[in-house]
Amino acid sequence: MTGFIGGGIGGDVGRDCEGLAAQAQALAERQVSSRELVERSLRRIAATQGTLNAFRIVRAEAALREADEADRRLAAGERGVLLGVPLAVKDDMDVAGEPTAFGCSGDFPRKKDDSEAVRRLRAAGAVIVGKTNTPELGQWPVTDGPAFGVTRNPWSLEHSPGGSSGGSAAAVAAGLVPAALGSDGAGSIRIPAAWTHLVGIKPQRGRVSTWPQGESFRGITSDGPLARTVGDAALLLQAVSGSHSGDLHRPPAVDVLAAAGREPRRRLRIALSLRPAFAAVRHWLDPVVRDATLRVATRLEILGHDVVEEDPRYGPIGFAFVPRSMAGVRDWAARVPDRALLDARTRVNARGGSLLGGGALRAARAAEAPLRRRIGEMFWRFDAVLTPTTAVPPLRTGHLAGIGTRDTNSRMIAACPYAWPWNVLGWPAVSVPSGLTAAGLPLGAQLLGPANSEPLLISLAAQLEEDQRWYEQWPDGHPG
């Protein structure tokens, strides 16, 4: 394995100040200044941008001004959940004064306002150091493109950190920021989490507002956190949770932060499922991934839970996903300054969104409620479902480059068949590290639940984390 080169990035603040909660506490106790933490983050970004290429935009001057303002507020006795902490957001979220290119080439206008999730981050006191790379319109489970180059995995520069929130995952895994926001329309938080040894939460649809869009990608996309620990992921999720008056989906509030601090309150019954939902292409589960998932199942049994092999009754769920996904691509493609600069595969998908944007799209939306009833039936007998997050270890960089739409779709479905059904349902999912391959590449398993089940999934993930202590492992080259 080839680790990333992290020269000049460590030791200046201290290894005990890496996590989100730890940084927030150190700032509140005046053990460190926001300027120190932001300067360290910016140094680490600069030192790794030529190798990892995690960021599309770095807000160096603005972030330092915001850090100085945070320090003034802290000195005046003000406290905020994330006051002064440096964080990053994926480049599909609006940050006032910056363009939102969502992985595309072209001259995009600067946004006048923050998106609602970013506004809530700022309200909690966070300093946004930059916007992270994402493939074009978030379509692929790798992060590369002509607009920004190749984003690489901190655990191996020859491999992808996944996608489409690959830049956010790479930034957190490498210790450039303690946590970051991503978005998940078909596993785009959970896949990078699995491939970079992180915790990734796709929350209940609407838990985190996607405003200025009433819903994102016709309701299949949710924003959520990537972090090294369950507690840090829950802290970030709690900070950004909440609705905007224009949101189409407004779930009841839940306390995810309290859930991260306790074990499940009872013995849980967990379904172990290794069968993916969609059989349009032949699936092959890598034995290394299978074994890692089975080890997680064994640990859950040792922790006192019942694990039983059973698959969700997915039914024709693929037909409820594709029209919504392609319609989302079509919607976004209409906003780019120059459509001629889009990837040929994006143009194909946008045309597909136009063709499927009428009756097929309406049928896809109408199918969601019956699918929820069909799949939700198992939650009368089970509390959660355990599956692999992906079917294979991290893909090599370039795996999806220079090929056509059909081959791209086949390779994507083969590598990542497990995550997207929960996007159709809109229900919560949490990916946790499940180990490393013999070559040291990260793997992940996901915990799936019914509507508004984030507290249960998070408490279960926290119990597993206490047992496995995955946060103690770092990629080569990091001071941790």
Side-chain angles (χ1 to χ4, degrees), residues 4 6-50 52 54-91 93-98 110 114 117-132 154 167-168 170-181 225-229 231-232 235-236 239-240 474 477-480:
F4 75 96
I9 66 172
D12 44 319
V13 176
R15 297 184 183 182
D16 58 347
C17 198
E18 294 290 346
L20 182 62
Q23 289 193 13
Q25 181 177 353
L27 284 162
E29 295 176 354
R30 307 300 305 282
Q31 297 174 7
V32 67
S33 70
S34 178
R35 174 168 272 268
E36 287 177 290
L37 291 179
V38 171
E39 285 180 340
R40 179 179 72 166
S41 178
L42 293 172
R43 282 196 297 273
R44 291 182 171 190
I45 293 169
T48 58
Q49 190 62 10
L52 295 183
F55 281 81
R56 178 75 182 263
I57 294 170
V58 180
R59 305 178 66 249
E61 293 183 8
L64 289 172
R65 288 196 301 270
E66 292 168 12
D68 289 341
E69 175 60 24
D71 284 330
R72 285 191 288 272
R73 293 166 62 187
L74 287 162
E78 186 175 342
R79 294 295 176 263
V81 176
L82 301 174
L83 184 53
V85 178
L87 293 173
V89 301
K90 184 178 179 179
D91 193 29
M93 302 177 191
D94 294 347
V95 174
E98 307 293 348
R110 295 179 183 272
D114 293 329
V118 173
R119 187 196 68 78
R120 288 176 180 270
L121 270 186
R122 291 192 193 275
V127 176
I128 312 299
V129 297
K131 303 185 75 180
T132 57
S168 289
V172 176
L176 313 187
V177 288
L181 282 182
L226 288 144
R228 291 187 52 78
T229 69
D232 282 353
L235 176 60
L236 182 53
V240 298
W474 289 87
H478 187 276

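Everything numeric here is computed off the predicted structure, so don't read it as measured data. Computed from heavy atoms alone, side chains included, the values below leave out hydrogens, waters and symmetry copies.
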Exercise: identify the closest heavy-atom pair between F55 and A171: CE1-CB, 3.9 Å

When rounded to the nearest 0.5 Å, the distance separating CG of L74 from CG of L83 is 4.0 Å

Verdict with supporting geometry, V129 and L176, side-chain contact (heavy atoms from CB on, under 4.5 Å): CA-CA 10 Å; V129 297; L176 313 187; over 6 Å; no

Those residues at least two apart in sequence (or on a different chain) that pass side-chain contact (heavy atoms from CB on, under 4.5 Å) with Q25 are E29

List for me each residue that meets side-chain contact (heavy atoms from CB on, under 4.5 Å) alongside A179, sequence neighbours excluded, and say none if there are none. L20, L87, A227, L236

For residues S33 and L27, report the shortest heavy-atom separation together with the two atoms involved. C-CD2, 3.5 Å

If every non-hydrogen atom of V127 is compared with every non-hydrogen atom of S34, which pair is closest and at what distance? CG2-OG, 4.0 Å

Quick one: list whatever passes side-chain contact (heavy atoms from CB on, under 4.5 Å) with R122, sequence neighbours left out. R59, E66, V95, D114, V118, I128

D71: partners by salt bridge (charged side-chain N to carboxylate O under 4.0 Å, His left out), with sequence neighbours left out: none

Residues forming a salt bridge (charged side-chain N to carboxylate O under 4.0 Å, His left out) with K131, sequence neighbours excluded: D91

Heavy-atom check, side chain of L37 versus side chain of V85, under 4.5 Å: no

Write down the atom of E18, the atom of P178, and the distance for their closest heavy-atom approach. O-CB, 3.2 Å

Check: L42 and L64 side chains under 4.5 Å, non-hydrogen atoms: yes

Taking only residues two or more places apart in sequence, or in another chain, which ones meet S41 in a side-chain hydrogen bond (donor to acceptor under 3.5 Å, both in side chains)? none

According to salt bridge (charged side-chain N to carboxylate O under 4.0 Å, His left out), who are the partners of R119, at least two apart in sequence or on a separate chain? E116

For T229, all residues meeting side-chain contact (heavy atoms from CB on, under 4.5 Å), sequence neighbours excluded: D232, E465, Y471

Partners passing salt bridge (charged side-chain N to carboxylate O under 4.0 Å, His left out) against R65 (at least two apart in sequence or in another chain): none

Residue pair L52 / A170: nearest heavy atoms and the distance that separates them: CD1-O, 4.4 Å

Which pair of heavy atoms, one from M93 and one from V89, lies closest together, and at what distance? SD-CB, 4.0 Å

Do P86 and R40 have side chains that approach each other closer than 4.5 Å (heavy atoms only, starting at C-beta)? no

R79: side-chain hydrogen bond (donor to acceptor under 3.5 Å, both in side chains) partners, not counting sequence neighbours: none

